[in-house]
Each structure stands twice: as C-alpha cells, then as structure tokens.
Amino acid sequence: MRQLLSYKSSPRASEAEAPMLGDRRRGFGLQSLASTTQHLVDPVTWSAGAALLFGALSYHLSSRSSELTSELLCWVLLPVVFRIARRHRNVDEHAQALPLVNELTVEPGTTATREPSSISLWIVAICIAACSVFRAERGLIILLPALVPLLTMGQRYMRPGLYPPAPSRMSPFLLSAVSLIGVILIAALAIAALSAYDPLGYLLSVVPVVALYVAFTLLTPHAGNTAQWLRGFDLAAAAWPLSFRVALIVAVVLGRESYAIGFPRTNAIQTLTLGSTKAFTWYFLSQLARNSSWLTASAASTFCVLATRNPFAQKTDARALMIVVASLISLGQTLYLLPKQAKSRAALWAFALIPLLPYFVDLATIRVAQSSALVHIDKHPVEVLIREANADFDLLLRNQSKTFPAAYAEYQRRNGFDPPHGFEEWYKFAQSYQSPLIDDFDIISNGIAPFLAMTGKEVLERMTQVYDQPDHELWSCVMSGQPVTTECSHHGRENDRNNADFFKRITGRIPSPLNLRFLLNHLDEPTLLIPPQSPQTDKPTITNMGGRRAWEVLTKYCSSRKGTSADRKAPIETYGLPFVTDRNTEVDLCEHAEYSEMHGFLSMPESLRLTEGWVPVLSTGAPSTMGDLLYPSSAYVEEDRFRYHEEQDMDWDKKENNLYWAGSTTGGHGRSAQWPSLHRQRFVELAQNLKPRLFSYLRERDGIISRVASSFLNGRLYDVAFANVLQCDAKACREQRQYFGTKPWAEGDRQFRSRLVFDTDGNGISGRYYKLLASKSAVLRQTLFREWHDERLVPWVHYVPVSQSMEELPELVFYLTSTASGQKRAKEIAEQGQRWYFQALREIDVVIYVYRLLLELARLQDPDRPAIEI
C-alpha cells in the first residue's frame, strides 16, 4: 500500500516535544519582541498571521510597472531570508525571530528524498515567472480564487491523504465553506467581486492559475512511487536552486523587454520595498504550507487580494460590499484550514479590519460629502450658467429672420457685403424644412472672409499649387450636374473615407445646380494655418507635424491677431473653479498658454499635415488659430456605430447615476514620459483617481460659499476606462497598459445605461457626439475644436461644457448626481439636448448648412470675381 508523506508537523512529535519547547521558551524569557510574540501565540498562528500581513502588504504595494523588477529582487532576497532564519536558530536555538522550518515527518516504511530534480525546479520556476509576467502585462489574476477549489479537488480526488486539514471546532457555516461545493461557490463569489464580466480576462487568467496549481503541487513533497524526475520538493530545502532559476527567467524576460522597448520606469524605493515584502510573503506562505498545506496558503492569498481592493474605486455599493463579504469568507476558510496546533487562530480574525475599516470609512465619507451640498443652491455656478444660457438661447431663436428681405439685410449687416448668388433659393429651401436658424451661419462667413482678399482666379491657382505638392493629405473634389454629383481624387489614396458618398448623399437633395471644385482634408486633424501677411506673398507650404510638438507653430501668429469687438458678459462667480462661462474664450488658444501641455493635438499630434498659406480647405473641425473651412463630419449621418437607435436606450430613471466613458488612447501620439499630459489620459487618470491629488469642491459655511480641497473622489460616480491602448511608442504603450485600469470593448449602447456621458476629442472631432446628444443621457463635453454646429448647440442648454483643466469636474459631477437640484438640471439638459437634436441636427439641417457653404465656395472661386476688401 502506497504511503504518502504528510506535509505538516507530526501531531505525535509535536505533543512529545511540547514540554521541552515550553521549557526552552521560558528560559529564553523576553529577550526580543519576536520571541515574546512566539511565547504568547503558537508558531502556527504566528506564521499564518505573518503570511496574511505580508501578503496583504504585497498586494497593496503592487504595481504593474515594477512587477518584474520587484519579482527579480524578491527571488534574489528569498534565499537570504531562509539563511538568516536558519542562522539565527543555529546561533541561539532558543530564539525564534522567524518561525522555525519544521522537519518533514516520514511515515514508517517509506522513504523520502529531500533533493529535488532539476526538471521539477525548472517547471516550478517557469510557472512562478509566468505568473509574474502575467501580472506585469494584465494586472490582477482575476481567477486566482479558483485555485482553492482546484487544489481541493486535487487533494481529495487525485492525491487523497496528501494534506488533510486537521479537525477543528468551527461553525457549520465554515465547515460548509471548505466542502467542494462550498469552495466553488466562494471562489465564484470572489471572482465576481474582483472583476466585472470579462470573458477575455477570464480566459487569459486560466494560464497563471494553472501555473500556480502546478507549482504548488510540486512544492508539496511526498513519498511513494512518484517519478524521480518529477517529484515534489520543499521550498525551504530548495530555496537557492529554485530562486536562481526564477530570478534567471525573470531577468531574461526583463532584459528582452528592456532591449526591445527600454527599461521600465520604476521607483527605486517602491521596487525595493515591494521586492522585500514579496520575499517575506513567500517565506511565510511556505511556513504556512508546511504547517498546513498550499491549499491554506492559496486561501490566504485570496483573502489578501480581496481585502486590499480599494472600496473608493468600486463602481457600486453592492460591489464594494461583495468584496468585503468575499474577503471575510476567505479569511474564515484560511482559519479553518489551519491545523489544530493553531490554538490562537481566533486572534487572526483581527485581519478582518483590513477590508472592513476602509469600507466603513468609504461609506462615511460618501455620506458626509452628500450632506455637504450648498444650502443656497441658486448661487451654485451651474445654476447661474444654466439660467443665463437658456435666456441667451431663447433670444437666439426669437431674433431669426422671418422673411427673405430681413434675412438679406441681416446678412449685409453681419458681413458688410451682399450674400452670394442663389441666396434666395437657399432661404426658401431652409424655410421649407423649418430650419430653426436662418441668420446664424457666421462660422461659414468668418471662414470664407480671409480668402475674399484674393480674386477668384487666384483662389483656383492656390488650390492647384497645394494639390500638386507631394506630401499633402488632400482630396480634390469636383461637383457638377443636376442632380449634383461629386467625384474626389487623391494622388496616392483610393479610400476617401466615404467623403464622396457623403457629399453625393447631401448634395443630392440640393435643388440648385452647383459647379465647383474644393479641397477636402483626409485626416482627422485640421490642416490649414493662414499667415497674417498678404495672400499674394508666398505659395502654400506643407509640413508633416505628425509626432512633433505643434503648439508653437499653431500659435505663432497670435501676436498679430486683431482684437475682437464682441462684447463680453460680466463675469459669473465660479468661486475659483474653471466652469466654462464663455465657450469662445474657453477654446481660444491665444488666451490660454497653459493648453500647450494639456491636449494631444497641441503637444503631440498623431498625423498633422500642416498647410500654411492662403488656400481654402474643408475639415470637420479646427482650433481657434487655424483657418480650415468647417463642414459636418460624415460620421454624423452614416448608418454605423455612431447612429442613435432609441430601442437601445433606456429611460432616465432606469439609468445608473454616474458618468460613463470608454474609448481608446487616441488624441495624440503617446511617448514615454509625455503621454500623461495628453487630454484623454488626463481625464481617465482623474476619473480613476490614480495618483494622489487634491480635488476641489464648493462648500457653504455661515452662508459663505468657498472652494475647498479634498483628497476624496467618489469612485461610485465614475465608470471610466480605456478599452484599447494605441497610437504610442512601444514603451509608452506598455506604460499605459500597466498604469490604467482597462476594460473590454462594450456594446455601443453601454453608455446609455448612465445618466451622464462624457465626450472628448480624439485625433480630431468626436464622431460619437451626435449619438450621445440624441440619447436620453446628459452629455458632458470637453473640446478644443470648432465645428459647424457651434452656433446652434448652446452650452449649459444642450450639453454641459468641461474645461481643459477639468478642475471643476469633481464638483460638477457631484452636483449633477448627488443633489436633488443637480439631478433635475441634468435631466433637463438631457431632454433639451435630445429634443434639439431632432429639431436642428437632422440630416436636412446638414444639407441646409452644406448648401450655404457651397454657395459661398462657388462665389469664392468664381474666375470673374475681383478681390473684396472686408
């Protein structure tokens, strides 16, 4: 009959040696704090407590960026820890600063060799290194709790009798918690608490979980007929050879990555602390496994993972509570699995404070924040801005011309010259479709005005000059016939991103024949920079600014810019927070030098082709200093993922009361040490609260409203993450994957489950904007680009503007989600935005705008048109 080696201290030997050990400890007295602790608490409980303590500390300090370096340091230090423990015991056999390494007990008639095989060592080393690489690349092993039921099944069905837990008097609840069905249910609860539904994450986590299962199985020495080349061994007995192999594999992986993409940016002190903590964690887990089993060590590790989850970062109260409950059950599992020699196991329930204290602090902080709302709500900047914006919007609608003579006169008043040929037909067309705006197309007039200083013939010559240059990204489009057809061509491209089809679709509804040519920008980023000197001076030049800093070039003409005559309103009291009070001022680059490091397009554009000169080019969006003529993006009318479908939406009351955004790291080219300043990365970093900082809120005391600073950010109010990391150098991509908490791609309607949805620039304008406006959610929008619809979408009426610094965002989100008045305002903005979308952003409204733009372009390039002085 095969005899199996029990991987724990022999109960019989422990009982025989108990008096002798007691005499030794009494002789040692109180010579050290560690020995005093050992005297008061049995060694089994002491080692279990140390394993829980250092394990929790390791997970709390863990960082994907320093995972490999700290793992390398851990396995360099681990043999030293074992040697110090043995040496200290040899110098003074009474002292036990660290738990003693228990000797294995071999049953009579069996043999057990302590010498591990080289193959076993390499398999364990590869498994441990693979887990470290996974944590560095993917982060948390979300299937780690599944290791407990795997080891349970392995112990009971594959290798029965290997390490049965000693019987102990525990409650029926805890007894059921270590039954096979019980451990499976607990593992499922823990996995659900650790991560939202993530099939890919689950699939990938299978690899490290299986690796740990193999490693822990081989780290369990046993006698019998096991093949000599694949026998289990004791970690303490093989500390040096195993550590050498693990350190070698990790060093090779780290060296290869460093050679390919550079050495990871790490903090030396953090790496040293984490590496040392990991080494102590492995040491004490090995002692826990010797006293009980690696099953117990796995349950302890599950507790450590759950207990150190940050309750402030959880998206719902239910998930935060689920984590606490799962961690407490895992702690109970660990205590039950300890052998009966752990007389003081009840003291280990003190570790329940690790998840409980932060959880209750989190709840209390949220309640305090919710009770700190302003008493005088009418003085809150959001309320003031909404009231003024609604008044301005009402005035805008009332002032629109009701007759053609009035529209003609208003055009002359605004521009100083007559409207183009065909204006009367355009007016009748707009009126026939109940266009809400007739007069407010200044974004077209102001864009066309600079080019009127050239003759029509000169305009056509400039268009030919720039198109004939080799390094441009412009399509030359020709429009002719009735019905109007559009054909576009490019020197080196075939796919025009559906722009020709877009213009065919739009212009097909225009009643008047149009014959003209125009240049269309292919890229997301705008292209045109108009110099201040006379248009007759130089020919247009094209410069590839992709991956290069663009701020200085884009703002170099600010000093020569003419001042605006527009009257500015009296400032609104925002109590030091940068609420957007004037959108035109907010997006003016010449007034905000701080923007140079806040937006990807300004600091590191992905594919900017800068065309500098006097040539009309159409783009979907442009910052204040650029002169692109603006047309509606084809994404706004295409039947694709940007189209709104009401059946995918839900009513306001059924939506989650938070802010949602998910997307990719577009918006600029990420480079190491520079990507943190890009606008999307700054937003996600803030919403995920990834670095220590102070957030600003408005509080009222004795009737006085003031700005206060707090380190608290309610994670329940933000569901924000990157779903994809791209447009970056290899090292920067790795740094961002390690830094941000990412989520899998979600369905396009996932955003409609939240009451607040965020919209921000990508490389250019955001194609999802109209889909969000059409929904029943309120849109919070941050942008630097001007678009064709700027005159018809009014901030604080149809959407909520957000500044580039986002300093006001925590207070803004808190007000709109956590106060009755703010929730009411958010719902009103959602309803007004949706209603206005179906009134002013219809496809026919796009046709009306493009129709008027094409009339202006036709006049601009008329060969017989003389130069016009504005």
Side-chain angles (χ1 to χ4, degrees), residues 443-444 447-448 450-452 454 456-480 484-507 514-531 535 538-548 550 553-554 601 605-623 625-636 762-765 767 785-788 850 853-854 856-858 860-861 863:
I443 203 160
I444 296 178
I448 290 287
F451 304 106
L452 292 175
M454 297 186 293
K457 184 177 180 181
E458 289 172 336
V459 170
L460 291 173
E461 290 175 352
R462 291 299 175 90
M463 293 169 63
T464 300
Q465 289 173 358
V466 73
Y467 186 74
D468 288 341
Q469 295 191 38
D471 195 28
H472 69 76
E473 285 291 356
L474 303 175
W475 289 85
S476 177
C477 299
V478 178
M479 189 174 293
S480 61
V484 179
T485 60
T486 304
E487 299 294 335
C488 296
S489 61
H490 189 284
H491 287 320
R493 292 185 180 272
E494 295 182 0
N495 182 7
D496 68 350
R497 305 176 71 175
N498 298 322
N499 280 311
D501 291 339
F502 166 77
F503 277 99
K504 287 178 182 177
R505 173 175 175 174
I506 296 302
T507 57
L514 292 170
N515 296 281
L516 69 152
R517 175 193 175 203
F518 58 89
L519 297 179
L520 194 67
N521 179 20
H522 176 81
L523 300 177
D524 294 329
E525 297 89 343
T527 183
L528 185 63
L529 187 66
I530 302 177
D538 300 312
K539 294 182 179 180
T541 61
I542 297 177
T543 307
N544 186 352
M545 298 290 294
R548 297 164 56 185
V553 174
L554 297 180
F601 174 72
E606 173 67 16
S607 54
L608 172 62
R609 291 289 197 278
L610 187 67
T611 304
E612 189 168 355
W614 293 75
V615 53
V617 178
L618 272 61
S619 296
T620 57
T625 58
M626 299 187 73
D628 301 69
L629 302 178
L630 303 180
Y631 78 98
S633 170
S634 60
Y636 291 153
N763 293 333
I765 60 99
F785 295 111
R786 298 175 295 113
E787 291 191 64
W788 78 276
V850 172
L853 173 63
L854 295 177
E856 296 284 3
L857 284 174
L860 180 66
Q861 60 187 254

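Remember, it's a predicted structure, so these values are computed and weren't measured experimentally.
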Quick one: closest heavy-atom pair of [X] and [Y], and the distance?
X	Y	value
Y467	H491	O-NE2, 2.8 Å
P526	G621	CB-O, 3.2 Å
V553	M545	CG2-CE, 3.9 Å
M463	R517	CE-O, 3.4 Å
L860	V459	O-CG2, 3.8 Å
P616	L629	CB-CD1, 3.8 Å

Is there side-chain contact between [X] and [Y], with heavy atoms separated by less than 4.5 Å?
X	Y	answer
N521	T611	no
R609	N544	yes
F601	P623	yes
W614	P531	yes
T527	S619	yes
E473	H490	yes
R786	D628	no
M454	Q861	no

side-chain contact (heavy atoms from CB on, under 4.5 Å) evaluation trace for L610 with T541: CA-CA 8 Å; L610 187 67; T541 61; over 6 Å; no
If you round to the nearest 0.5 Å, how far is [atom2] of [Y] from [atom1] of [X]?
X	Y	atom1	atom2	answer
R505	T507	CZ	OG1	12.0 Å
E525	N763	CD	CG	4.5 Å
M626	L608	CE	CG	6.0 Å
L519	S476	CG	OG	5.5 Å
T620	Y636	OG1	OH	7.5 Å
L854	L514	CG	CG	5.5 Å

How far apart are the C-alpha atoms of L474 and Q469, what are their side-chain angles, what is the distance that settles it, and do they pass the side-chain contact (heavy atoms from CB on, under 4.5 Å) test? CA-CA 10 Å; L474 303 175; Q469 295 191 38; over 6 Å; no
L853 vs W788, test: side-chain contact (heavy atoms from CB on, under 4.5 Å). Steps then yes/no. CA-CA 10 Å; L853 173 63; W788 78 276; over 6 Å; no
How far apart are the C-alpha atoms of E787 and I443, what are their side-chain angles, what is the distance that settles it, and do they pass the side-chain contact (heavy atoms from CB on, under 4.5 Å) test? CA-CA 8 Å; E787 291 191 64; I443 203 160; over 6 Å; no
Does the gap between the ring centers of H522 and H472 come in under 6.0 Å?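 Here the rings of H472 and H522 have centres that are no less than 6.0 Å from each other.
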I want to know whether F518 and Y631 have ring centres closer than 6.0 Å.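 Ring centroids of F518 and Y631 are no less than 6.0 Å from each other.
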